[in-house]
Amino acid sequence: MENFLNELNDVQYKCITETEGPQLILAGAGSGKTRVVTTKIAYLVKYEKVNPQEILAFTFTNKAAKEMKDRVSKLLESDVERMWIGTFHSMCVRILRRDLNLPNYTKNFSIFDTTDQKTLIKECIRELNLDDKIYTPNYVQNRISGLKNEGITPLEFEKFAFSPIDKKLLDLYKIYENKLESNNAFDFDDLIIKVIELFNSDNMVKTYYQQRFRYVFVDEYQDTNNIQYQLIKLISGLHKNICVVGDADQSIYKWRGANINNILNFEKDYNNTNQIILSQNYRSTQNILNIANSVIQNNTERIKKDLWTSNLEGDKPTLYEAGNSTEEAIQVGSTIEKLIQEGKSPSEIAILYRSNYLSREFEEQLIKRDIKYKVIGGIKFYDRAEIKDILGYLRLIINDDDDISFRRIVNSPKRGIGDVTIDKLAEIAIEKNISLYKALDYVEEYDKLFDARAQKNLIGFKNLIDNLKLKSTSNSISELLDFLLERVEYITGLEKIDTVEARSKIENIEEFLSSVKNFEDSEEGTLHEFLVGVSLLSDVDKTENLDEAVSLITVHSAKGLEFGHVFIVALEEGVFPSAYAELDEDMEEERRLMYVALTRAKDNLYLSSAKSRMRHGKINYQLPSSFIDEMGDNLIKISPVNSNKVRFQPKETTNKNYVYTSKKGVDSKTNIPNSNIYNTGQKIKHSKWGMGIVTQIIESQGDQLVTVLFDNGELKTLIGSMAPMEVVS
DNA sequence: GAATAAGTTGTTTTT
DNA sequence: CAACTTATTC
Ligand SMILES: Nc1ncnc2c1ncn2[C@@H]1O[C@H](COP(=O)(O)OP(=O)(O)OP(=O)(O)O)[C@@H](O)[C@H]1O
């Protein structure tokens, strides 16, 4: 890569060669922001002779970090191990592991994820005897995390917590923080806060990092929150060579504390900011860009900016309005099948949706067509109960103050230690102000508390953990795990149950074991590093770019990615935009989300919606997304296939891509006689039962089993060809 | 204390 | 719908 600078336009080139001082690069989607950062890092090292260890770059996900490292290393033809490139959270853990110095913490701290936080918060709510209808764990977690993201400590909150609810919240916040501390644990927000506190309290440490990192970069700057901003400011405070890149129109994490003011404040806080705007889009066709621009300009809280491209005009995006969600999924499935038959790479195809639950029907259709796919996000692998159990053991082994993990695994698998026993143990722990694990030492002393059985079980458990602790000091992680699973009889226990679920759990555990082996082979890290890695993994990171597979992904997770052919589905009011967006500002964020979705596409965009969709087990009738109107007449509308008869005789005028292709004769749907085809969501009239709605269809031997919810409340399953009923409109 | 049955609730997005 | 909680029984 002799001349990587040739791959840049003039403005990009300017960004890269103006290396000194604060630089704010604002630019629309696909204008090469990420490319600027990677190339600039390479430029600094190659032409400015900057030492790689003087480089620090914050990315949004670990995957983005990995990609950045890969690209830089390609440009430089050398490894980039000494650069710090990673998410805020992982960089902070790195700092804490090195320099953490707090009286009640050790460097083997646990990281509490959102679920752990809520568990802890539930305890707090119970202790304060608060009404759990008002103070739901969700609400409290949200509020506390919101405060922490803003950098508001309990002490500061006290100054303006006046409402009765806020006063209670303050109490909760205080107890919560104490509990974290006694668990030797940090939540996600703490990772950043504690580094800021560390810098502010220890000048030596602060100076070390300030001197070391001569060049600091932040990608996806529009989604940084207040504490991240503070951290950036601190860490770049000496050299002030801070280069941030972002796009205000792509700010989609406000709900997580992202503060768009960070863009505005930048120029105030850094003198002589070099602001550069990139406005040429290299990613998308003109037609795609037109739609994206036309949607985003409806935001009023926005600095207008022009984004143009010299790319080809391309195909016009299409819009398909399906009668119901299954039809929509079939349409998308068969279009994807067609694309692949035409020779398009599956990895260049993505289905984007607003919420995870929407992936299901599309998965079913892809499975039917034997199309490989990967779902990014949703139920995370490491979130499965069996994996969390094992992680719980590991966490407890290296941090025995971690009561959350203790509670999780003390009776999993069942070993006769129930809630009552644990509550008694917790009494000892509270009285002595120690962890649950340490309270185990007093079980014999407090023998009147426990019956013989419970006492025996508790002592057995203590021996188990102590054994594991011992093992952990001298063995590799996978040896420890083998021993653990053996001793705990986790797998043998599952084998005895022998259900489909148990089998899949065993498979998951085996997959987990091999991922541990992978970690050991590639990184040679400690157990703590392994656990940290797992805790901070994001959804996008988890899924390897395995092989050629279609991606199913939320719009949030798709930020920063690009695909040749993008399907944006379920474009309905209440879904996208979400029903939860009530305020104007929420609506604007939804619109930005739409903008992100649209600008992921390089060549083709396929939009679709359904008139009815199941949610929470009942049918919702949906209106098309208001964003569709905002796209103007740049769309080719494909009329809904309103009856199944039409399905088999597609009109000539129908867009080619949307012709139904029935791949295999086995497809039961093609065998159904035309006379009585029902679809879920249809209204029907039965001669005896009256009006009702079709809630489920089961295809069976060329006929349909139709489940109908009648208006009188009765739920009946009827044989499609026999039942005296008809569809009404 | 564990296993089952019945009832209830709801995340939109995730480091 | 499915995941989670509560009630009931052994
Ligand atoms: N000067 C250039 N010449 C050709 N292609 C370019 C140039 N700059 C960027 N690209 C290409 O344009 C696409 C978008 O670039 P990149 O991902 O860096 O943009 P971005 O601004 O970070 O996008 P987003 O805001 O959507 O994350 C990439 O495929 C990249 O390779």
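Here is how names work: the chains are called A, B, and so on, in the same order as the sequence lines, proteins then strands, and each is numbered from 1.
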message: Going by ring pair (Phe, Tyr, Trp, His ring centres under 6.0 Å), A:Phe58 matches just one of A:Tyr221, A:Phe88, A:Trp84. Which one?
response: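 The single option meeting the ring pair (Phe, Tyr, Trp, His ring centres under 6.0 Å) with A:Phe58 is A:Phe88.
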query: Can you list every salt bridge (Lys or Arg N to Asp or Glu O under 4.0 Å) pair that touches residues 246-256 of chain A, not counting sequence neighbours?
result: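 Non-adjacent pairs meeting salt bridge (Lys or Arg N to Asp or Glu O under 4.0 Å): A:Asp247-A:Lys305, A:Asp249-A:Arg302, A:Asp249-A:Lys305, A:Lys254-A:Glu585.
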Salt bridge (Lys or Arg N to Asp or Glu O under 4.0 Å) partners of residues 109-126 of chain A, not counting sequence neighbours, each pair once: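 Every salt bridge (Lys or Arg N to Asp or Glu O under 4.0 Å) pair that includes a residue of residues 109-126 of chain A, provided the two are not neighbours, is A:Asp113-A:Lys388, A:Asp116-A:Arg395, A:Glu123-A:Lys179, A:Glu123-A:Arg407.
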C1' spacing across the pair B:dT11 / C:dT6, given as an integer number of angstrom: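 So the two C1' atoms sit 23 Å from each other.
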Sequence-distant partners of [X], salt bridge (charged side-chain N to carboxylate O under 4.0 Å, His left out), two or more places apart:
{"X": "A:Asp189", "result": "none"}
{"X": "A:Arg615", "result": "none"}
{"X": "A:Glu572", "result": "A:Arg613"}

Students often get this wrong, so: under 4.0 angstrom with heavy atoms, is [X] touching a base, only sugar-phosphate, or nothing?
{"X": "A:Tyr357", "result": "nothing"}
{"X": "A:Ser90", "result": "nothing"}
{"X": "A:Arg592", "result": "nothing"}
{"X": "A:Ser578", "result": "base"}
{"X": "A:Lys424", "result": "nothing"}
{"X": "A:Val420", "result": "sugar-phosphate"}

For [X] and [N], is the shortest distance between a side-chain N/O and OP1 or OP2 below 4.0 Å?
{"X": "A:Asn356", "N": "B:dT11", "value": "no"}
{"X": "A:Thr61", "N": "B:dT15", "value": "no"}
{"X": "A:Ser535", "N": "B:dT15", "value": "no"}

Contacts of type side chain to side chain contact (heavy atoms under 4.5 Å, CB included), residue [X], not counting sequence neighbours:
{"X": "A:Ile491", "value": "A:Leu485, A:Glu495, A:Ile506, A:Ile509"}
{"X": "A:Asn184", "value": "A:Tyr105, A:Thr106, A:Phe109, A:Asn399, A:Asp401"}
{"X": "A:Pro413", "value": "A:Tyr393, A:Arg415, A:Val488, A:Tyr490"}

Rounded interatomic separation in angstrom, taking [atom1] from [X] and [atom2] from [N]:
{"X": "A:Ile252", "N": "B:dT15", "atom1": "CD1", "atom2": "C1'", "result": "13 Å"}
{"X": "A:Asp223", "N": "B:dT15", "atom1": "CG", "atom2": "P", "result": "12 Å"}
{"X": "A:Gln117", "N": "B:dT14", "atom1": "CD", "atom2": "P", "result": "16 Å"}
{"X": "A:Asp187", "N": "B:dT15", "atom1": "CG", "atom2": "C1'", "result": "11 Å"}
{"X": "A:Asp189", "N": "B:dT15", "atom1": "CG", "atom2": "P", "result": "13 Å"}
{"X": "A:Phe576", "N": "B:dT13", "atom1": "CZ", "atom2": "C1'", "result": "10 Å"}
{"X": "A:Lys559", "N": "B:dT15", "atom1": "NZ", "atom2": "P", "result": "11 Å"}
{"X": "A:Ile376", "N": "B:dT15", "atom1": "CD1", "atom2": "P", "result": "12 Å"}

query: Quick one: on DNA chain B, does A:Glu590 or A:His89 contact a more 5' nucleotide (nearest heavy atom)?
result: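 Looking at the nearest nucleotide for each, A:Glu590 comes out on the 5' side.
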query: So which one's nearest nucleotide on DNA chain B is more toward 5', A:Thr421 or A:Arg354?
result: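 Of the two residues, A:Thr421 wins.
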query: What is the 5' to 3' range of DNA chain C, first to last nucleotide, that sits under 4.0 Å from any heavy atom of chain A?
result: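 The contact span of chain A on DNA chain C goes from C:dC1 to C:dT5.
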field: Sequence-distant partners of A:Lys148, side-chain hydrogen bond (donor to acceptor under 3.5 Å, both in side chains), two or more places apart
entry: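 Scan of A:Lys148 (side-chain hydrogen bond (donor to acceptor under 3.5 Å, both in side chains), adjacent residues dropped) gives A:Glu177, A:Asp187, A:Asp190.
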Crowding at CZ, A:Arg98 (>12 non-hydrogen neighbours, <6.0 Å):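 Yes, enclosed.
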message: Taking atom CG as the centre, does A:Asp419 end up with more than 12 heavy-atom neighbours from other residues, nucleotides or ligands that are less than 6.0 angstrom away?
response: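 12 or below, so no.
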task: Before accepting this row, confirm whether a basic side-chain N of the pair A:Glu363/A:Arg360 lies closer than 4.0 Å to the acidic partner's carboxylate O.
output: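 The answer is no: the pair does not qualify as a salt bridge.
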- request: Establish whether the base of B:dT15 is bridged to the side chain of A:Thr114 by a donor-acceptor pair shorter than 3.5 Å.
  value: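 Present.
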- prompt: Going by 5.5 Å between centroids and 30° between planes, is there a stack of A:Tyr253 over B:dT13?
  reply: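 According to the criterion (under 5.5 Å, under 30°), no, A:Tyr253 does not stack.
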Under 3.5 Å, N/O pairs linking protein and nucleotides 2-7 of chain B:
{"residue": "B:dA2", "atom": "OP1", "partner": "A:Gly416", "partner atom": "N", "Å": "3.0"}
{"residue": "B:dA2", "atom": "OP2", "partner": "A:Asn411", "partner atom": "ND2", "Å": "3.0"}

Taking only N/O atoms, report every protein-nucleotides 8-10 of chain B pair under 3.5 Å with atom names and distance.
{"residue": "B:dG10", "atom": "N1", "partner": "A:His616", "partner atom": "ND1", "Å": "3.1"}
{"residue": "B:dG10", "atom": "N2", "partner": "A:His616", "partner atom": "ND1", "Å": "3.4"}
{"residue": "B:dG10", "atom": "N3", "partner": "A:His616", "partner atom": "ND1", "Å": "3.3"}

